[in-house]
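Remarks on the structure that follows.
In what follows, chains carry the letters A, B, and so on, assigned in the order in which the sequence lines appear, proteins first and then strands, with residues in each chain numbered from 1. A quick note: this is a predicted structure, and the numbers were derived from the prediction, not measured.
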Protein chains: 2
Amino acid sequence: MPDQDPARPTLADVAARAGVSASTASLAFSGSGPVAEATRQRVLAAARELHYAGPDPRARSLRRGRSGIIGVVIEERVREAFRDPIHIAQFDGIAEEIGHIDAALLILAASPAHPLGGVKAMPTEPVRPVTVEDAPIDAAVLMGCTPRLADSVSALRDRGLPVVAIEGFPAEGVLVIEQDNRDATERGARHLRQQGHERVAIITLPLDAAHHRGLVTQELLAIGSSATALQRLEGARAVFPDARAYAAAGSYVDEGRRAALEILSLPEGERPTAIIAQSDLLAVGVIRAAEELGIAVPDRLSVIGFDGVRVDGLWPYELTTLEQPAYEKGRAAGRAIVRMLEGGEAEVVAFTSVLRVGNTTAPPPAG
Amino acid sequence: MPDQDPARPTLADVAARAGVSASTASLAFSGSGPVAEATRQRVLAAARELHYAGPDPRARSLRRGRSGIIGVVIEERVREAFRDPIHIAQFDGIAEEIGHIDAALLILAASPAHPLGGVKAMPTEPVRPVTVEDAPIDAAVLMGCTPRLADSVSALRDRGLPVVAIEGFPAEGVLVIEQDNRDATERGARHLRQQGHERVAIITLPLDAAHHRGLVTQELLAIGSSATALQRLEGARAVFPDARAYAAAGSYVDEGRRAALEILSLPEGERPTAIIAQSDLLAVGVIRAAEELGIAVPDRLSVIGFDGVRVDGLWPYELTTLEQPAYEKGRAAGRAIVRMLEGGEAEVVAFTSVLRVGNTTAPPPAG
DNA sequence: CTGTTAGCGCGTTCAA
DNA sequence: TTGAACGCGCTAACAG
């Protein structure tokens, strides 16, 4: 019987057509060895005639032991991860650097299906997910990941793959790109303190895996797993130990607005005179809420953010914030990956945020 | 001499340790055949002892002829592509659908290094880029891509990979997810016409590969390669044939503002009474510019956008716009990919935009 | 410069 | 239910 599927040509087919050996044909394509120009042309011609589209990348990556793919692990769905400008900038930085070794990025979502990690579901049906632990990658970058990934990480290590984390809990065998979340927030808080603020509230990024919203309780803190949120909270409370904190369900303007509406519902004498938001988007939401409630910023309410992204449409405000070098963090992660792939040891990199004072902070109203 | 690199254990090693054959061990891992529970346990135990991290995905994908990876091709750098909420939503839709077959997404940037395609650079150094034509993917989705990719596309076809494009120029062998850019814009323009507008200006998305900014000339149109921008322009000019058009260098608020400042610099009697922006972000920029110039929207200037993304911080405006189902478009692309991978024929899907009238359009000022 | 040989690590026959 | 043998498509060594 004839071939159903007119089997794709293989390198051997091309070689045969061109009258050379397979290895010669291989060299003609990869350019990694000396081949006579005439031979090369003959091989390429044969390839064209057969509609051969080049060596199969799968076979190549098996043979070479490298796939040229770097995994980027996010713990939310794409929509959420990329709604955050910080993530985009970091991602871009990684792409920039690994572009130098001509690798590409594979988006891996740490499946929320295993809420607490550990137990790997038995395959009831023959599914073969491309997961963190099971993807043809040469290395992985974790973006703001929680300890939930501990198992995946150890699997990666067993496979001998370099792992870099941009913020997040340090784990054995993971190079962490650090950010001074705690100290930076403390610096921001101190700025408020110096201006005379005493009643301050905090709006945090999601603390726990479920993105619980609301007043931050001891219970919530106990299950909190976001290093970034916890560190920033710690920094704020280093200056204002008793400040109330509200967890947002995500780093969005709407979430900031929602939390602020609750915070600001107190009568003027009791409500906070300043709000520390853990991201610029949250801070913008605070400003929106204040506008709606007729509370003037910064005269009656000071607002400070974190990130230093230029939020579109904030004019005439210029947010007081802690500017973090997100793109540079991504690049550092990318460089670390490249170095480790080349067999070198990458060193820990720590980044610092800079307090940028805008016009959303001022001394509290007298009285 | 001892092994320098303490070679990673392979499936055979595990099998040997467990005292079974390699094929049995394979079955124990993949679950795609009957294995006695006791044997399975023994294999898993051996794996744990050896720190075996599971079958090598590279070998697996060679053997199976599938990598479980879908390429998503963008024609800008990551930073730009993901700054556009439409792209994010589409991306999320793709991820959602291909998640059903447990595949993951590989970001492939169509390198701007080969400006006009065709000539593939000779490798001066032995680089092995992971490019569109040379990546271990099972299928590809092109996001808003231009004819520049023609060569890549034919390479993909030669390799027998399904290719789906979300908007963009149709090519032989590419399934296009269509969007009624032309008709939708025409509907929006008609809305303005009905309100009495006659002097209208257009701000387009980047038309050409170089993202040229400024007045849209015949020359620029001639080298224009963005189907989306061209189609929307056509729709607007179907109603306002003589409307001046300005190309933005990207779909950003700042670009819209910049173009609008130029457009609105004319004296009141001559300047347009309405601006058709080809994206919501551009439209927001127009509103910002109008605010700065003290031109009331919509009383003295009407603004219409495209996309229907809820732009944060636009309050109290609600943009009149053409709402496109970006997430659904992504899902349709994902579904098409899945169907084609399963051997089926996917049909063309066409999406329609809906005119959503907000408070940024009104009749032109009298006189 | 080119051909020969020998696997990369796994999944899938086929027989036992 | 398990084991033995083969080959996926390519490329790294060598030898010529």
- [ ] Would you kindly give the CZ-to-P distance between B:R64 and C:dC8, to the nearest whole Å?
- [x] 20 Å

Task: Qualifying residues under side-chain hydrogen bond (donor to acceptor under 3.5 Å, both in side chains), relative to B:T24, sequence neighbours excluded - done: B:S21

Open item on the list: Closer than 4.0 angstrom, basic N to acidic O: yes or no for A:D134 and B:R60?
Closed with: yes

TODO: Using whole Å, report how far CZ of B:R42 lies from C1' of D:dT1.
DONE: 12 Å

- [ ] Determine the contact category for A:P34: base if any of its heavy atoms lies under 4.0 Å from a base atom, sugar-phosphate if only primed atoms, P, OP1 or OP2 are that close, otherwise nothing.
- [x] base

Open item on the list: Holding to ring-ring contact (aromatic ring centres under 6.0 Å, His included), I want the full list of residues that pass it with A:Y52, two or more places apart in sequence or in another chain.
Closed with: A:F29

- [ ] Ignoring backbone atoms, establish whether B:Y52 has a side-chain N or O less than 4.0 Å from OP1 or OP2 of C:dC10.
- [x] yes

- [ ] Return each pair, listed once, that meets salt bridge (charged side-chain N to carboxylate O under 4.0 Å, His left out) where at least one residue sits in residues 47-58 of chain A; pairs must be two or more places apart or across chains.
- [x] A:R17-A:E49, A:D56-A:R58, A:R58-B:D138

Task: Nucleotide of C:dT2, D:dG9, D:dT11 approaching A:T10 most closely (side-chain heavy atoms) - done: D:dG9

- [ ] In whole angstrom, give the distance that lies between atom CG of A:L27 and atom C1' of D:dA12.
- [x] 10 Å

Task: Contact under 4.0 Å: B:R58 side-chain N or O vs C:dC10 OP1/OP2 - done: no

Task: Qualifying residues under ring-ring contact (aromatic ring centres under 6.0 Å, His included), relative to B:F91, sequence neighbours excluded - done: B:F82

Open item on the list: Measuring from the side chain of B:L11 (C-beta onward, heavy atoms only), which nucleotide among D:dT2, C:dC10, D:dT11 has the closest atom?
Closed with: C:dC10

TODO: Identify, with sequence neighbours excluded, every residue that meets side-chain hydrogen bond (donor to acceptor under 3.5 Å, both in side chains) alongside A:R79.
DONE: B:D92

- [ ] Round to a whole Å and report the spacing from CZ of B:F29 to C1' of C:dG11.
- [x] 14 Å

Please write out each protein N/O paired with an N/O of nucleotides 6-8 of chain D under 3.5 Å, distance rounded to 0.1 Å.
from	atom 1	to	atom 2	distance (Å)
D:dG7	N2	B:R63	NH1	3.0

Task: DNA chain D-proximal residues of residues 19-26 of chain B, any heavy atom under 4.0 Å - done: B:G19, B:V20, B:S21, B:S23, B:T24

Open item on the list: Under the rule for side-chain hydrogen bond (donor to acceptor under 3.5 Å, both in side chains), what residues qualify as partners of A:S154, not counting sequence neighbours?
Closed with: none

- [ ] In whole angstrom, give the distance that lies between atom CZ of A:R40 and atom P of C:dT2.
- [x] 12 Å

Side-chain polar contacts of residues 334-345 of chain B - donor-acceptor pairs under 3.5 angstrom, sequence neighbours left out - could you list them?
none

Produce the list of close N/O pairs, under 3.5 Å, pairing protein atoms with atoms of nucleotides 14-16 of chain C; give distances to one decimal.
none

Open item on the list: List the residues meeting side-chain hydrogen bond (donor to acceptor under 3.5 Å, both in side chains) with A:E167, not counting sequence neighbours, and say none if there are none.
Closed with: A:N181, A:T228, A:K329

- [ ] Could you tell me whether A:E80 and A:R77 have a side-chain N and a carboxylate O separated by less than 4.0 Å?
- [x] no

Open item on the list: In this structure, how many angstroms lie between the P atom of C:dG9 and the CZ atom of A:R60, rounded?
Closed with: 18 Å

Task: Qualifying ring pair (Phe, Tyr, Trp, His ring centres under 6.0 Å) pairs with a residue from residues 134-162 of chain A, counting only residues at least two apart or across chains - done: none

